[in-house]
Amino acid sequence: MIRVQAEPFDLGAELAGLTAGRTDIGGLASFVGLVREFAREPGGEPAVSAMTLEHYPGMTERQLAAIEAQAIERFQLQASLIIHRYGRMLPGEPIVLVAAAAAHRAPALDACAFLIDWLKTKAPFWKQEETAAGRRWVDAKPEDDTAAARWLPPAR
Amino acid sequence: MIRVQAEPFDLGAELAGLTAGRTDIGGLASFVGLVREFAREPGGEPAVSAMTLEHYPGMTERQLAAIEAQAIERFQLQASLIIHRYGRMLPGEPIVLVAAAAAHRAPALDACAFLIDWLKTKAPFWKQEETAAGRRWVDAKPEDDTAAARWLPPAR
Amino acid sequence: MKILYFAWLRTKAGCAEEDVTPPAEVTTVAALMDWLAEQRPGFAEAMTAKGVIRAAVNQAYAEPTDPVRPGDEVAFFPPVTGG
Amino acid sequence: MKILYFAWLRTKAGCAEEDVTPPAEVTTVAALMDWLAEQRPGFAEAMTAKGVIRAAVNQAYAEPTDPVRPGDEVAFFPPVTGG
């Protein structure tokens with residue numbers, strides 16, 4: 001299941017919903033990304049006072065659905081969930097949730113990492129940070145491409 | 001923080017407690033292990049109707065605290081939690097929760113996998129399954145040793 | 001043809017969305033970008049200024065050589081930074 | 001010296017916990033296991049029957065060559081299966 005929404009989400013309720021009434025799930029892995037007050041580079045940029053996420057309505061849903069479908073097939077998931085927020089958020093607020101449930105722990109953990117790595121480089125979202133010095137668009141990080149690339153089949 | 005308890009835990013409340021009031025956490029990864037109704041080998045054993053976890057009070061707490069301390073240092077965690085239950089549980093009930101919060105997603109995800117892999121081979125718990133055919137102690141799985149070994153430094 | 005711009009590319013282009021009718025010889029993403037750059041100096045600047053612009057045709061990622069047709073929805077944006 | 005048995009080793013040993021006073025020459029985990037096997041046929045059987053028995057001295061994992069002393073808490077158990 002995927003959801004794109006402006007509102008915050010209730011992590012506990014979302015995760016509970018994935019396993020409720022089921023007895024075939026052995027492991028549930030999840031990842032939540034949150035707005036950090038401090039800048040990404042130590043000693044560098046001013047503190048972030050808010051973050052606004054822009055997205056591409058329509059394409060976002062398609063991309064998230066495609067990412068989830070790949071994870072379900074690749075890791076044989078029994079349940080999965082992606083929630084991604086857009087709009088303005090304050091430090092400490094959750095931005096994104098990915099969760100994966102499987103019979104065993106390894107595929108659940110791997111799928112969780114796959115979902116967030118893949119989403120980071122494929123889902124059409126753009127972050128704009130607010131600091132005391134003004135607003136700035138966040139640059140894409142090369143290490144995100146590296147993280148996503150480890151899920152590709154080895155080159156021949 | 002570590003806890004060893006017979007009672008079920010409230011996943012949402014536990015995870016919310018890790019990030020509440022904080023603005024320095026960029027990622028929160030968690031894993032929950034649950035009792036599965038079906039046997040581990042497909043086509044094999046009869047369905048599991050209940051599971052009882054025995055543990056070694058005292059040593060359990062020491063081992064979990066040691067495992068958590070290693071994860072905190074190795075992955076520079078900002079918050080972490082291990083809850084492990086003992087006693088009798090029914091299919092669908094949670095057995096264990098590990099959670100790791102860090103500034104960035106990679107250490108949070110890696111720490112979560114490290115915690116559960118390490119715990120599986122070091123924490124003194126033993127599972128006994130109840131099936132229609134009676135009770136049986138669960139055998140340790142070689143793949144758990146393999147999973148734990150990937151966190152060791154490479155042999156010289 | 002409907003053109004969408006996102007993030008800092010929207011600011012550069014000066015608009016979020018526009019309907020355009022490029023000449024018939026504009027049949028690829030690359031040709032469309034060149035033609036748009038002629039129409040919008042800000043977009044031309046963005047194309048050379050910073051990183052690589054990504055494109056999507058009808059909400060799917062597209063390469064410069066991929067075709068564009070009248071009626072398509074074509075989006076241009078910087079590398080994504082969600083999650 | 002306090003001895004603890006867990007999981008199927010407890011069933012085999014026939015008790016969960018016992019206080020023992022081994023002879024003075026029993027100074028290692030391995031020697032203690034041999035001595036216990038003489039006292040408890042079920043424990044002897046378990047030692048050869050199935051897998052490798054793990055030991056802990058004062059709640060820390062111990063190797064067969066590690067020392068045991070009067071007053072220690074020594075536990076024997078099968079490979080762990082928690083998580």
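Below, chains carry the letters A, B, ... as their sequence lines are ordered, and counting in each starts from 1. Hydrogens, waters and symmetry mates play no part in the numbers below; they use all other heavy atoms, side chains included.
- Taking the charged nitrogens against the carboxylate oxygens, B:R85 and B:E7 have no contact shorter than 4.0 Å, which rules out a salt bridge.
- Ring geometry for D:F6 against B:W126 counts as parallel: the plane angle stays under 30°, on a 0 to 90° scale with 60° as the upper cut.
- Using a 4.5 Å cut-off between non-hydrogen atoms, the part of residues 92-102 of chain B that approaches chain D consists of B:I95, B:V96.
- Ring pair B:F125/B:Y56: centre-to-centre distance not below 6.0 Å.
- Between D:P23 and D:V26 there is a side-chain heavy-atom pair separated by less than 4.5 Å.
- Classification of the B:H55-B:Y86 ring pair by plane angle, with boundaries at 30° and 60°, yields parallel.
- We find that B:R135 and B:E129 are not joined by a salt bridge, their nearest charged nitrogen and carboxylate oxygen being 4.0 Å or further apart.
- Under 4.0 Å is where a charged nitrogen must lie from a carboxylate oxygen, and between D:E63 and D:R54 no such pair does.
- Taking 4.0 Å as the cut-off between side-chain N and carboxylate O, D:E18 and D:R40 count as a salt-bridged pair.
- Annotation: residues 58-76 of chain B contacts chain D through B:G58, B:M59, B:R62, B:Q63 [non-hydrogen atoms, separation under 4.5 Å].
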- Check against side-chain contact (heavy atoms from CB on, under 4.5 Å), D:M1 and D:V74: CA-CA 7 Å; D:M1 201 178 288; D:V74 184; 4.2 Å; yes
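- Using a 4.5 Å cut-off between heavy atoms, B:E54 touches chain D through its side chain atoms alone.
- Using a 3.5 Å distance cut-off with no hydrogens or angles, the side chains of D:E73 and D:Q59 do pair a donor with an acceptor.
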